[in-house]
2 protein chains.
Amino acid sequence: MAKSIQVLDVCCSPVTAGVLDEDAAEELASAFKALADPARLRLLSMVAAAPEGEACACDLVEPSGRSQPTVSHHLALLVDAGLLTREKRGRWAWYSVVPERLAALQDVLRP
Amino acid sequence: MAKSIQVLDVCCSPVTAGVLDEDAAEELASAFKALADPARLRLLSMVAAAPEGEACACDLVEPSGRSQPTVSHHLALLVDAGLLTREKRGRWAWYSVVPERLAALQDVLRP
DNA sequence: CCAACACATCGACAGATGTCAATGTGTTGT
DNA sequence: ACAACACATTGACATCTGTCGATGTGTTGG
């Protein structure tokens, strides 16, 4: 069940820069897996579009069209993937995007 | 089983530019799904790194460590995703990367 | 203290996905 | 023509994944 630790460096140069070894490919793939689901992409975009750049989970459930447990699950995956950070304030959980992480993945796709 | 047609425009502005509607998210997700597997990432990188920028399927089976049918399967998915093109010459199939497609996905990740 | 709340976790289940062996299809050289 | 080749397709199977209802955990207001 996932590693969740040490996901911060996307590790590699562009996919086009040379043949990836199995380990690098595995790590990169798990990064893209986080983006490979419509529910997660929408959640990501909603957090990014939120005022102050952060969104409370409570404001994501209804517009996402998924159940609360499902939303919680996806948000956890996005955090594990390093794309979001989570900050618990009172009884709310606030999420923000990690632009560096997006940039790192973007870099991998450089043609 | 898959749509495979009309995959050419990644359709949308950066994920951070606004809330994605369900359709856009679905389309984007299927694009990233193609990148969400280590075998496919390696195949993609191998094609990109090949001389002349194209590679014969026959040269990808052994180094990929997967069976011939599996490689064929993954290459087909990458073509469907618009990341590779396939050109059949004689009894060989030659694959090349589609840099515009990579660039389009890259654009979606712009922070 | 207790009820209401926000969120996470668990258990279950259907559907998707990666993989391979076996087989099919088209091409080439002899 | 035929055998060997390169590749695609099929069928089968184990695993992964998204989803939800039910339940657990911590926090807040009265």
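The sequence lines fix the lettering, A, B, ..., with proteins before strands; numbering per chain opens at 1.
- Between B:Arg40 and B:Ala36, the closest heavy-atom pair is NH2-C, 4.5 Å.
- Summarising the geometry of B:Val71 relative to B:Val61, their closest heavy-atom pair is CG2-CA, 4.0 Å, with the distance given to 0.1 Å.
- As a whole-Å value, the separation of A:Arg91 CZ from C:dA3 C1' is 11 Å.
- Within the nucleic acid shown, B:Arg89 has no heavy atom closer than 4.0 Å to any nucleic acid atom.
- Note on A:Thr70: a side-chain N or O is less than 4.0 Å away from OP1 or OP2 of D:dC20.
- Contacts of A:Ala39 with the nucleic acid, taken as non-hydrogen atoms under 4.0 Å apart, involve only primed sugar atoms and P, OP1 or OP2.
- Summarising the geometry, the separation between CD on B:Glu87 and C1' on C:dT27 is reported as 16 Å, rounded to the nearest angstrom.
- Rounded to whole Å, the distance from CG on A:Leu60 to C1' on C:dA8 is 15 Å.
- Atom CD of B:Glu87 is surrounded by more than 12 heavy atoms from other residues, nucleotides or ligands within 6.0 Å.
- The distance between atom CG of B:Leu35 and atom P of C:dT17, rounded to the nearest whole Å, is 14 Å.
- At whole-Å resolution of the value, CZ in A:Phe32 and P in C:dT17 are 18 Å apart.
- Candidate nucleotides C:dG18, D:dA8, D:dG18 were compared by shortest atom distance to the side chain of B:Leu77, and C:dG18 ranks first.
- Of all non-hydrogen atoms in B:Ala25 and A:Pro38, the two that sit nearest each other are CB-O, 3.6 Å.
- Out of C:dT17, D:dC20, D:dC7, the shortest distance to the side chain of B:Lys33 is found at C:dT17.
- Side chain A:Gln68 to base C:dA6: no donor-acceptor pair is found below 3.5 Å.
- Across C:dT19, C:dC7, D:dC7, the shortest atom-to-atom separation from the side chain of A:Ala93 is found for C:dC7.
- Among the heavy atoms of the strands lying under 4.0 Å from A:His73 is at least one base atom, whether or not backbone atoms are also near.
- Nearest-nucleotide mapping onto DNA chain C: of A:Arg86 and B:Ser67, the residue sitting toward the 5' end is A:Arg86.
- Between B:Leu75 atom CG and D:dC7 atom P the separation is 9 Å, expressed in whole Å.
- Nucleotide D:dC7 holds its P atom 8 Å from the CG atom of B:Asp59, rounded to whole Å.
- When each of A:Pro63, A:Ser64, A:Ser45 is paired with B:Val19, the side chain to side chain contact (heavy atoms under 4.5 Å, CB included) condition holds for A:Ser45 and for no other.
- The side chain of B:Asp37 lies closest to C:dG18 when the candidates are D:dT19, C:dT27, C:dG18.
- Closest to the A:His74 side chain, of the nucleotides D:dT19, D:dC20, D:dC7, is D:dT19.
- Between A:Pro69 and A:Arg40, the residue whose closest nucleotide on DNA chain D is further toward the 5' end is A:Arg40.
- Rounded to an integer number of Å, the gap from NZ of A:Lys88 to P of C:dA8 is 6 Å.
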